[in-house]
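Data first, discussion second: the structure below is written as structure tokens.
All residue numbers refer to positions in the sequence shown, counting from 1.
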Amino acid sequence: MICRFKAIESNSKDDDTQWLIYWVVYGSFALCELVTDIFFFWIPFYWFFKCLFLVWCMVPQSWNGANFVYYRVIRPFVLRYEDKIESTLSQATDIGKQVYAEGSKMADDAKEAAAKAASDKVLGKME
């Protein structure tokens, strides 16, 4: 935590980039692990090797694992499919906005129906 704080507060861009690379690698690892964990869980010492990998990724040296994985795996993959990723994210955003708008409309309709039913019940009891 203190290393990240120092990276944010320093005037140098290099340490900020290093921590951003680490978090990109960690996020990618966590995403892959969602799918593969059910298989890797059975491998003896999996958690130990996972810990070693994450420590290797955090080592404050130029030869750390985060740089290795980022520059050899993640960066080439993202550069190759960047347009497709952007297009898919744009479509997902549009669909999300449509779902939100429809959900808001349905919630407003339900609120109005509930208010009308409540007022009808109250007025019906008063008469």
Side-chain angles (χ1 to χ4, degrees):
M1 168 105 170
I2 193 69
C3 293
R4 291 184 293 265
F5 176 79
K6 287 180 179 180
I8 291 169
E9 294 300 317
S10 74
N11 293 332
S12 173
K13 174 184 166 303
D14 295 338
D15 52 2
D16 297 348
T17 302
Q18 181 58 46
W19 282 109
L20 282 171
I21 288 172
Y22 168 76
W23 285 111
V24 166
V25 170
Y26 180 81
S28 300
F29 176 76
L31 188 63
C32 290
E33 193 178 34
L34 284 174
V35 177
T36 61
D37 192 43
I38 194 160
F39 304 113
F40 290 153
F41 177 79
W42 298 103
I43 296 174
F45 302 108
Y46 166 67
W47 294 104
F48 177 72
F49 291 122
K50 176 182 169 182
C51 242
L52 284 178
F53 171 75
L54 293 174
V55 167
W56 178 50
C57 286
M58 287 187 280
V59 173
Q61 300 294 326
S62 62
W63 48 266
N64 72 19
N67 283 339
F68 181 84
V69 172
Y70 178 78
Y71 286 109
R72 297 208 180 185
V73 178
I74 295 172
R75 187 172 186 268
F77 178 82
V78 172
L79 288 176
R80 182 175 181 185
Y81 296 106
E82 186 174 12
D83 293 337
K84 194 171 197 170
I85 293 169
E86 291 291 334
S87 171
T88 304
L89 285 175
S90 177
Q91 290 173 359
T93 301
D94 293 343
I95 291 170
K97 288 177 182 177
Q98 291 172 358
V99 168
Y100 177 78
E102 185 65 29
S104 294
K105 184 180 179 301
M106 290 172 66
D108 289 342
D109 292 346
K111 178 179 71 174
E112 289 174 13
K116 183 176 180 339
S119 69
D120 288 348
K121 189 172 185 177
V122 169
L123 291 177
K125 284 188 177 181
M126 294 179 83
E127 292 175 1

Run the side chain to side chain donor-acceptor pair (under 3.5 Å) check on N67 and Q61 step by step: do they pass? CA-CA 9 Å; N67 283 339; Q61 300 294 326; over 6 Å; no
Does one hydrophobic cluster hold both W56 and F49, with members joined at side-chain heavy-atom distances below 4.5 Å? no
Any sub-3.5 Å donor-acceptor pair from T93's side-chain atoms to L89's backbone N or O? yes
Flag yes if L20 and Y26 sit in one hydrophobic cluster, no otherwise; membership is Ile, Leu, Val, Met, Phe, Trp, Tyr, and two members link when side-chain heavy atoms are under 4.5 Å apart. no
Taking every non-hydrogen atom, the tightest pair across C57 and V25: SG-CG1, 4.1 Å
Starting at CD1 of I85, measure out to CZ of F77 and round the result to the nearest 0.5 Å. 5.5 Å
Remaining members of the apolar cluster that contains I95, side-chain heavy atoms under 4.5 Å: V99
Honestly curious: do V59 and I21 fall in one hydrophobic cluster under the side-chain, below-4.5 Å linking rule? yes
Would you indicate whether the side-chain heavy atoms of Y22 and N64 approach each other to under 4.5 Å? no
side-chain hydrogen bond (donor to acceptor under 3.5 Å, both in side chains) contacts touching residues 70-83 (sequence neighbours left out): none
Can you confirm whether more than 12 heavy atoms, excluding those of I38, are under 6.0 Å from its CD1 atom? no
Do W19 and W63 share a hydrophobic cluster (ILVMFWY, side-chain heavy atoms under 4.5 Å, transitive)? yes
Any chance you could pull the hydrophobic cluster mates of W42, using side-chain heavy atoms under 4.5 angstrom and chaining through other members? F40, F41, I43, Y46, W47
Could you give the distance from CG (L54) to CZ (F29), rounded to the nearest 0.5 Å? 5.0 Å
Shared hydrophobic cluster, V24 / V78 (ILVMFWY, side-chain heavy atoms < 4.5 Å): yes
Quick one: which of K105, K111, M106 gives a side-chain contact (heavy atoms from CB on, under 4.5 Å) with D108? K111
